[in-house]
Amino acid sequence: MRIVGLMSGTSYDGVDVVAAEFTADGDTLRLRPIGHRELAYPDDLRAEIGALLPPAATTIEAVCRLDNRLGEVFAEAAAAGVELAGGAADAVVSPGQTVFHWVEAGRVRGTLQLGAPARVAARVGVPVLHDLRSADVAAGGQGAPLVPAFDALLLDPAAGPRAALNLGGIANLTVVAPGTPVLGYDVGPANALLDAAARRFLDRPCDVDGARAAAGRVHEALLARLLAEPYYAAPPPKSTGKELFHGGYLDAALAALGEPVAADDVLATLTELTARTVADACDRHRVTEVVAAGGGVRNPTLRARLAALGAGRWRLRTTDELGIPAQAKEAYAFALLGWLSWHGLPGAVPSVTGASRAAVLGSWTPAGPSAAAPRPPAPRRLVVDA
């Protein structure tokens with residue numbers, strides 16, 4: 001079965017597209033990565049998404065317009081994925097762009113992703129799986145992270161406690177260990193605050209290669225204030241996003257210091273914040289290896305700091321060494337969730353999300369009538385039987 005997977009994360013800088021072929025071999029599922037592409041969002045679309053995200057006020061008109069524009073973008077991305085698959089695919093997984101993750105007192109009440117899946121289905125002519133988080137939320141779960149289902153199958157727990165780390169807008173961790181349930185949760189910001197600082201101080205979407213952070217020094221008072229965030233001490237299951245870690249959050253932390261901080265020092269401090277919170281989580285779970293993926297692995301400053309913090313306790317490597325491109329891992333993970341849902345199998349992991357049961361994820365938007373189902377003649381009238 002060939003599935004196209006899409007992914008647009010909390011950094012909302014573009015959409016990752018993959019094509020994957022899945023073959024069931026007894027209780028082993030074989031994944032053949034066919035190819036992947038990265039499609040960058042134009043600046044005006046990034047601005048449109050940013051203008052709608054919390055804590056900004058918005059209108060239902062703006063939500064509707066963005067939903068459909070994203071649907072058009074995802075439709076083109078899906079078409080590129082079908083090309084990667086050799087011109088034919090069985091399904092597309094389009095999880096959409098998360099614009100709100102409703103958390104109250106540690107419990108997720110709802111979640112909203114935009115991306116007009118009907119536009120995707122109309123463009124590529126195959127069924128589209130979308131709204132992957134709501135079923136887990138309805139079962140009492142966090143609806144995130146969902147990638148641990150992929151990690152749990154990919155990493156062998158018999159090798160000892162190991163962690164899969166994704167460094168996107170948010171850093172999330174999956175831990176597998178012999179004889180224990182899979183654990184996974186959002187650790188805290190990875191690129192979310194770094195990118196907010198780059199936009200504020202550098203007028204750029206990001207600090208390319210962490211160069212400015214490498215030129216700065218960690219501001220200890222700012223770091224201490226950031227590390228005091230209660231989210232870090234909360235036990236899993238837990239999830240977060242830009243509802244908490246946004247530009248205004250950084251502005252408030254800087255204002256509370258009562259003294260100016262140089263741009264490079266802010267970036268160095270935020271890099272240390274991400275590295276420190278991730279390393280603390282890895283140490284807490286006593287892992288011996290961390291397999292990283294996501295945009296953050298492109299940041300040599302962040303990556304070097306993580307490796308230094310883990311030295312002597314855990315080894316840092318990337319999913320490229322396991323055959324999965326680090327930049328495309330989440331898109332491949334969503335393709336896997338599509339395979340599971342297609343076969344009626346749960347994709348959420350209750351020990352990760354805190355749900356009362358393992359939910360089959362997503363809703364299907366068909367591309368048209370099922371070819372396998374017999375089609376009756378089109379009705380010309382309706383009769384109501386008493």
Side-chain angles (χ1 to χ4, degrees), residues 6-17 38-78 93-104 108-120 123 128 130-134 137 142-146 168-172 186 188-206 231 239-253 294-295 330-331 334 362-363 365:
L6 309 182
M7 178 60 190
S8 178
T10 49
S11 294
Y12 60 91
D13 51 1
V15 54
D16 294 314
V17 187
E38 298 175 59
L39 305 178
Y41 288 154
D43 289 343
D44 66 318
L45 178 55
R46 285 176 54 88
E48 191 175 344
I49 297 170
L52 185 138
L53 293 178
T58 189
T59 65
I60 197 66
E61 177 185 355
V63 172
C64 181
R65 288 178 180 273
L66 181 59
D67 182 41
N68 282 275
R69 184 173 182 192
L70 284 168
E72 292 172 354
V73 170
F74 295 150
E76 290 304 312
V93 182
S94 183
Q97 176 66 54
T98 297
V99 294
F100 194 70
H101 198 59
W102 179 17
V103 184
E104 285 185 1
V108 175
R109 304 285 184 173
T111 186
L112 179 62
Q113 289 74 42
L114 301 183
R119 292 186 178 273
V120 181
R123 178 70 173 82
V128 174
H130 56 98
D131 190 22
L132 278 85
R133 303 186 187 279
S134 293
V137 172
Q142 295 277 319
L146 296 180
I170 300 298
N172 43 63
D186 289 342
N191 298 321
L193 294 182
L194 280 166
D195 291 349
R199 286 191 292 270
R200 173 175 171 173
F201 292 107
L202 311 180
D203 195 26
R204 298 176 185 169
C206 66
Y231 178 82
S239 58
T240 189
K242 288 191 174 178
E243 298 76 28
L244 176 59
F245 297 112
H246 52 72
Y249 178 94
L250 175 61
D251 290 343
E330 284 196 299
F334 276 102
S363 300
T365 292

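Side chains included, hydrogens not; waters and symmetry mates left out as well; all remaining heavy atoms used.
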Quick check: closest heavy atoms across Val93 and Pro95, and the distance to 0.1 Å?
O-CD, 3.5 Å

Distance-only, no hydrogens or angles: does the Lys242 side chain make a donor-acceptor pair with backbone N or O of Thr10 under 3.5 Å?
yes

OG-CG distance between Ser11 and Leu194, expressed to the nearest 0.5 angstrom
9.5 Å

Checking Thr365 against Val120 for the side-chain contact (heavy atoms from CB on, under 4.5 Å) test, could you report, in this order, the C-alpha distance in whole Å, the side-chain angles of both residues, the deciding distance, and whether it holds?
CA-CA 9 Å; Thr365 292; Val120 181; over 6 Å; no

Under 3.5 Å: donor-acceptor pair, side chain of Asp186, backbone of Thr240:
yes

Look at the rings of Phe245 and Tyr231 and say which category their plane angle falls in: under 30° parallel, 30 to 60° tilted, over 60° perpendicular.
perpendicular

Taking only residues two or more places apart in sequence, or in another chain, which ones meet Gln113 in a side chain to side chain donor-acceptor pair (under 3.5 Å)?
Thr98, Thr111

Find out whether Arg199 and Arg204 are in side-chain contact, i.e. whether some heavy atom of one side chain is under 4.5 Å from a heavy atom of the other.
no

Going through the distances and angles, do Leu6 and Phe334 end up as a side-chain contact (heavy atoms from CB on, under 4.5 Å)?
CA-CA 7 Å; Leu6 309 182; Phe334 276 102; over 6 Å; no

Closest contact, heavy atoms only, Ala144 versus Ser239
O-CB, 3.9 Å

Using every non-hydrogen atom in the two residues, find where Arg133 and Gly143 come nearest and quote the distance to one decimal.
NH1-O, 2.9 Å

Approximate separation, where rounding is to 0.5 Å, of Phe74 CZ and Leu39 CG
10.5 Å

Rounded to the nearest 0.5 angstrom, the CG-CD distance for Asp13 and Glu38 is 8.5 Å

Please round to the nearest 0.5 Å and tell me the distance separating atom OG1 of Thr58 and atom CG of Leu66.
8.5 Å

Within this structure, what is the CG-OH distance for the pair Leu70 and Tyr12, rounded to the nearest 0.5 Å?
12.0 Å

If every non-hydrogen atom of Ala190 is compared with every non-hydrogen atom of Gly168, which pair is closest and at what distance?
CB-O, 3.0 Å

When you look at CG of Asp203, are more than 12 heavy atoms from neighbouring residues, nucleotides or ligands closer to it than 6.0 Å?
no

Between Leu45 and Arg69, is any pair of side-chain heavy atoms under 4.5 Å apart?
yes

Does some side-chain heavy atom of Trp102 sit less than 4.5 Å from a side-chain heavy atom of Leu112?
no

So does Arg119 get a backbone contact from the side chain of Glu72, meaning a donor-acceptor N/O pair under 3.5 Å?
no

Which atom pair, heavy atoms only, marks the closest approach of Gly115 to Asp67?
N-OD1, 2.7 Å

Side chains of Ser363 and His130: closer than 4.5 Å at any heavy-atom pair?
yes

Taking NZ, NE, NH1 and NH2 as the nitrogens, is one of them in Arg46 or Asp195 under 4.0 Å from a carboxylate oxygen of the other?
no

Identify the heavy atoms of Tyr41 and Val73 that sit nearest to each other, and give their distance.
CE2-CG1, 3.7 Å

Evaluate Met7 against Val17 for side-chain contact (heavy atoms from CB on, under 4.5 Å), listing each step before the verdict.
CA-CA 7 Å; Met7 178 60 190; Val17 187; over 6 Å; no

Please lay out, stage by stage, how Cys64 and Asn68 fare under the test side-chain contact (heavy atoms from CB on, under 4.5 Å).
CA-CA 6 Å; Cys64 181; Asn68 282 275; 3.9 Å; yes

Any donor-acceptor N/O pair, Asp131 side chain to Gly362 backbone, under 3.5 Å:
no

Judged by atom type as modelled, is there a donor-acceptor pair below 3.5 Å linking the side chain of His101 to the main-chain atoms of Gln142?
yes

Quick one: are Leu53 and Val99 in side-chain contact, heavy atoms under 4.5 Å?
yes

Tyr249 versus Pro55: any side-chain heavy-atom pair under 4.5 Å?
no

